[in-house]
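When reading the values below, keep in mind they use all heavy atoms of this one structure, side chains included, and skip hydrogens, waters and symmetry mates. The first residue of the sequence shown is numbered 1, and numbering continues consecutively from there.
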Amino acid sequence: MIKLDKVTKTYGSGEAATHVLKEIDLEIKRGEFVAIMGPSGSGKSTLLNILGALDVPSDGGYSFLDTDIRALSKDQLALFRRYILGFVFQGFNLLKKTSALENVEMPLVYLGMHAKERKERALEALTSVGLEDRMGYDPGQLSGGQQQRVAIARAMVTHPKVLIVDEPTGNLDTKRGHEIMQLIKTFNEDGITVIMVTHEKEIAAYASRIIYLRDGMIEKESNNVA
């Protein structure tokens with residue numbers, strides 16, 4: 001489904017050049033749950049941004065279902081992110097003073113969906129994360145775990161093929177963190193490909209495969225046994 005071929009990411013040039021990723025080769029199959037781990041500065045966030053088409057490699061190839069992502073225009077990349085990918089960020093990134101329902105509706109607004117269908121789809125997504133009774137609450141009225149559930153519902157409302165997840169439990173206590181991971185695991189079991197960055201081993205254990213980065217290179221991989 002996803003293939004990176006000798007992907008390199010460099011910032012700056014000459015003696016000031018910083019090589020964040022160094023010839024990364026990676027394949028991710030449809031329906032996989034992949035966790036990316038590594039120490040600070042290992043390149044894991046940069047790798048996630050490239051996989052999420054939020055950044056572009058300095059060199060190397062990126063293909064998605066045989067489509068060359070590097071060959072896409074800015075408008076085409078925007079459509080790729082909008083229709084194919086769903087994003088869940090550590091900081092939730094919810095709109096303040098805006099209800100949970102309206103937050104989840106936002107991606108559908110960009111798709112030009114009719115208001116009635118938007119609300120139906122958003123309510124369906126909130127129901128899937130167990131928050132249908134909180135649809136009128138704004139983020140300030142929700143707990144951290146509930147805000148993350150809204151963020152997941154917002155990511156899933158467009159029915160993406162791939163869920164890009166950045167430190168999904170970083171702002172949550174242990175109990176709420178595992179509740180969120182059970183939810184993400186459920187979506188993966190329904191066929192959604194999940195790519196997640198985490199620094200927590202117990203969170204990475206939810207993935208079927210773990211990629212370990214160090215100094216911008218893949219140090220090793222391991223498969224989790226169900």
Side-chain angles (χ1 to χ4, degrees), residues 1-2 4 26 28-36 44-45 47-55 62-65 67 69 72 75-95 98 100-113 117-132 135 139 142 145-172 177 179-198 203 206-209:
M1 185 181 200
I2 293 171
L4 301 185
L26 178 63
I28 299 174
K29 297 178 182 178
R30 188 193 302 268
E32 264 200 292
F33 188 161
V34 175
I36 300 170
K44 56 186 185 292
S45 293
L47 177 57
L48 194 72
N49 286 340
I50 287 174
L51 289 166
L54 298 170
D55 200 353
Y62 174 13
S63 62
F64 184 93
L65 293 177
T67 296
I69 299 302
L72 300 181
D75 287 344
Q76 289 172 324
L77 282 172
L79 292 174
F80 174 66
R81 291 190 295 267
R82 194 174 298 171
Y83 285 94
I84 304 299
L85 308 178
F87 295 89
V88 180
F89 302 99
Q90 179 179 355
F92 313 141
N93 288 9
L94 300 177
L95 297 174
T98 303
L101 186 68
E102 291 168 327
N103 265 287
V104 175
E105 280 187 76
M106 285 307 298
L108 303 179
V109 172
Y110 296 127
L111 296 184
M113 189 175 290
E117 187 178 356
R118 283 203 316 263
K119 291 185 184 301
E120 290 174 351
R121 283 272 291 271
L123 181 55
E124 177 186 348
L126 282 172
T127 300
S128 73
V129 300
L131 283 181
E132 64 273 19
M135 64 177 182
L142 300 172
Q146 289 171 333
Q147 289 184 59
Q148 190 63 299
R149 285 174 179 267
V150 173
I152 291 171
R154 181 183 58 191
M156 296 303 299
V157 75
T158 58
H159 300 167
K161 289 180 170 59
V162 180
L163 189 61
I164 304 286
V165 189
D166 188 9
E167 298 282 6
T169 63
N171 292 327
L172 306 176
E179 288 177 354
I180 291 300
M181 289 312 303
Q182 289 286 357
L183 184 59
I184 292 173
K185 183 73 171 177
T186 297
F187 285 122
N188 175 244
E189 290 169 350
D190 287 340
I192 303 297
T193 303
V194 179
I195 307 172
M196 172 182 72
V197 159
T198 182
I203 298 304
Y206 283 88
S208 55
R209 180 159 60 116

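Taken to the nearest 0.5 Å, the OG1 atom of Thr169 stands 8.5 Å off from the CD atom of Gln148. Between atom CD of residue Glu117 and atom CG of residue Leu111 there is a gap of 10.0 Å, rounded to the nearest 0.5 Å. Within the model, atoms CD of Glu120 and CG of Leu108 stand 11.5 Å from one another, a figure rounded to the nearest 0.5 Å. In this structure, Phe33 CZ and Ile28 CD1 are separated by 11.5 Å, a value rounded to the nearest 0.5 Å. Interatomic distance, Gln76 CD to Ile69 CD1, rounded to the nearest 0.5 Å: 9.5 Å. Note that CG of Leu183 is 9.0 Å distant from CE of Met156, once rounded to the nearest 0.5 Å.
Using a 4.5 Å cut-off on side-chain heavy atoms (C-beta onward), Leu47 and Leu4 make contact. Within the 4.5 Å cutoff, the side chain of Arg30 has heavy atoms near those of the Leu65 side chain. Looking at Leu94 and Val150, their side chains come closer than 4.5 Å, going by heavy atoms from C-beta outward. Side-chain contact between Leu163 and Ile195: absent, with no pair of heavy atoms (C-beta onward) separated by less than 4.5 Å. Taking the side chain as every heavy atom from C-beta outward, Phe87 and Pro160 never approach each other to under 4.5 Å. Side-chain atoms of Val34 and Met196, non-hydrogen and from C-beta on, never get closer than 4.5 Å to each other.
For the side chain to side chain contact (heavy atoms under 4.5 Å, CB included) criterion with Thr198, the lone passing option out of Ile203, Val165, Ile36 is Ile203.
When all heavy atoms are compared, the tightest approach of Pro168 to Met181 is CG-SD, 3.9 Å. Considering all non-hydrogen atoms of both residues, Leu172 and Gly177 come closest at CB-N, 4.0 Å. Residues Leu77 and Ala53 come closest through the heavy atom pair CD2-CB, 4.1 Å. The nearest pair of heavy atoms linking Glu105 to Ala122 is CG-CB, 3.6 Å. Summarising the geometry of Thr158 relative to Pro107, their closest heavy-atom pair is CG2-CB, 3.7 Å, with the distance given to 0.1 Å. The two atoms that bring Met135 and Leu123 nearest to each other are SD-CD1, 3.7 Å, heavy atoms only.
The side chain to side chain donor-acceptor pair (under 3.5 Å) check on Tyr206 picks up His178, with sequence neighbours excluded. Qualifying side chain to side chain donor-acceptor pair (under 3.5 Å) partners for Arg82, counting only residues two or more places apart in sequence or in other chains: none. Judged as a side chain to side chain donor-acceptor pair (under 3.5 Å), and not counting sequence neighbours, the contacts of Glu179 are Arg176.
Using a distance-only test at 3.5 Å, with no hydrogens or angles considered, a donor-acceptor pair links the side chain of Asn103 to the main chain of Leu95. Checking side-chain atoms of Arg154 against main-chain N and O of Phe92 turns up a donor-acceptor pair under 3.5 Å. A donor-acceptor contact shorter than 3.5 Å is absent between the side chain of Asn188 and the backbone of Thr193. With hydrogens and angles disregarded, a donor-acceptor distance shorter than 3.5 Å links the side chain of Arg118 to the backbone of Met113.
Open room surrounds NZ on Lys161; 12 or fewer heavy atoms of other groups in view lie less than 6.0 Å from it.
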Checklist entry - Run the side chain to side chain contact (heavy atoms under 4.5 Å, CB included) check on Arg149 and Leu142 step by step: do they pass? => result CA-CA 10 Å; Arg149 285 174 179 267; Leu142 300 172; over 6 Å; no
Next on the checklist: Walk me through whether Asp166 and Leu48 qualify under side chain to side chain contact (heavy atoms under 4.5 Å, CB included).
Outcome noted: CA-CA 8 Å; Asp166 188 9; Leu48 194 72; 3.7 Å; yes
